[in-house]
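All values derive from a computational prediction rather than experimental measurement.
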Amino acid sequence: MSNNLTPVVNFLTRLSNAALWLAGTGLVLMTVFVAWQVFCRYVLNDSPSWTEPGSVMLMSWFIFLGAAVGIRENNHLGFDVLLYVLPKSGKRVLRMISDVVILAFGAGMVWYGGALMSLTWNTTLPSLGISGAFDYLPLVGGGVLAVIFSLERIVLRLAGEPIDDALDEILPAEIAVEIENINADPNVKLKV
C-alpha cells in the first residue's frame, strides 16, 4: 500500500473497529433491555415503557453499523455468481460498479434520513422523552459510514491496491464440494 494512503486506511480501520464494537455493545444492551422487559412483565407485573422503543433504537444502530462494517470488509450482500466465470479485469469492473452503487445508496440514506430527522425534530418520543429525530439518526450514521467505506474501496482500487486479490482466490462452497467429488474419482484429477 502506498505510504500516502496508509494513515487514512489505518484511521478507517480504527473507525470500522469502533463501529463493530458499538454494534456488538448495542446487541448486548438490546438483549438486556428485552430480558428486563420480560422479567418486569411476568415477575414484577409492571412493564417499563422505555424498554421496547429503546431496544428498537439499539437494534437500528447495530444493524446499520454492522452493515457499514460489512461494506468495508466486503461481506455485504451481493449477487456474485457472474464473478466466478469472468476474467480478473471483468471482476474488477463489476466490483467497482457495486461499490459505486453502495456509495449512492449510502448517500441516499444520509439524504433521506436527514430529511426524516428534520421532519421529526420537534416531536417527542413519549416513552424515552427524546426527539423523534433520534429514531432516524442510525440511518444517517450508517449511511455516512457506508459512503466512507465504499469510497475507501473505490479509491484503493483506483490507486491500484490489490483489494480484490483475496476474493479472487475464494471458491464458493458448492464448487469446492464438486471439486472434491471430481478429485475422489480415480479416473479424473483436477488441480485447483
Side-chain angles (χ1 to χ4, degrees), residues 5 7-80 95-157 163 167:
L5 296 175
V8 174
V9 171
N10 289 340
F11 170 75
L12 293 176
T13 299
R14 288 191 302 276
L15 181 63
S16 175
N17 289 339
L20 193 58
W21 275 98
L22 284 171
T25 303
L27 177 61
V28 170
L29 278 174
M30 186 196 77
T31 305
V32 169
F33 286 6
V34 170
W36 179 248
Q37 170 75 16
V38 170
F39 175 78
C40 288
R41 179 180 296 155
Y42 293 108
V43 176
L44 303 178
N45 204 21
D46 183 27
S47 295
S49 62
W50 59 269
T51 54
E52 185 179 347
S55 297
V56 170
M57 193 173 293
L58 284 171
M59 183 173 61
S60 297
W61 272 111
F62 73 73
I63 286 171
F64 286 117
L65 290 175
V69 171
I71 289 167
R72 181 162 198 268
E73 296 178 0
N74 202 38
N75 290 327
H76 55 83
L77 291 176
F79 186 72
D80 43 333
R95 288 186 177 125
M96 184 66 86
I97 291 170
S98 175
D99 287 335
V100 169
V101 168
I102 291 168
L103 177 84
F105 189 81
M109 288 170 58
V110 172
W111 179 264
Y112 291 108
L116 288 169
M117 284 181 67
S118 68
L119 286 172
T120 57
W121 190 259
N122 293 325
T123 63
T124 301
L125 298 173
S127 55
L128 296 175
I130 59 176
S131 169
F134 284 99
D135 267 344
Y136 302 103
L137 188 59
L139 179 64
V140 174
V144 167
L145 289 177
V147 166
I148 291 169
F149 293 149
S150 59
L151 190 59
E152 174 195 24
R153 294 183 57 74
I154 291 167
V155 168
L156 288 174
R157 195 175 287 113
I163 64 171
L167 295 173

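- Tested against Phe64, the residues Leu145, Val140, Leu139 include a single side-chain contact (heavy atoms from CB on, under 4.5 Å) partner, Leu139.
- Rounding to the nearest 0.5 Å gives a distance of 9.5 Å between CE of Met57 and CH2 of Trp61.
- Expressed to the nearest 0.5 Å, how far CG of Leu103 lies from CD1 of Ile71 amounts to 9.5 Å.
- Contact between Arg153 and Arg72 at its shortest, heavy atoms only, is NH1-O, 3.7 Å.
- Looking at heavy atoms from C-beta onward, Val9 lies in side-chain contact with Leu156 at the 4.5 angstrom threshold.
- With ring centers used as reference points, Phe33 lies 6.0 Å or more from Trp36.
- The OG atom of Ser118 sits 11.0 Å away from the OH atom of Tyr136 when rounded to the nearest 0.5 Å.
- For residues 50-60, the pairs satisfying side-chain hydrogen bond (donor to acceptor under 3.5 Å, both in side chains) are Gln37-Thr51, with sequence neighbours left out.
- Residues Leu12 and Leu15 are in side-chain contact: their nearest non-hydrogen atoms beyond the backbone lie under 4.5 Å apart.
- Here the CZ atom belonging to Phe62 is positioned 11.5 Å from the OG1 atom belonging to Thr25, to the nearest 0.5 angstrom.
- You'll find the side chain of Asp135 reaches within 4.5 Å of the side chain of Leu125, heavy atoms only.
- The minimum heavy-atom distance linking Val69 with Ala19 is given by the pair CG2-CB, 3.9 Å.
- A distance of 12.5 Å separates CG in Leu27 from CG in Leu22, rounded to the nearest 0.5 Å.
- Two residues are said to be in side-chain contact when any heavy atoms from C-beta on lie closer than 4.5 Å; Ile102 and Phe149 fail this criterion.
- When all heavy atoms of Pro48 and Cys40 are compared, the pair lying nearest together is CD-CB, 3.5 Å.
- What you find for Ser150 and Asp99 is that their closest heavy atoms are CB-O, 3.7 Å.
- Looking at every heavy atom in both residues, Arg41 comes nearest to Ser47 through CB-OG, 3.3 Å.
- For Ala68 against Gly142, the heavy-atom pair with the smallest separation is CB-O, 4.1 Å.
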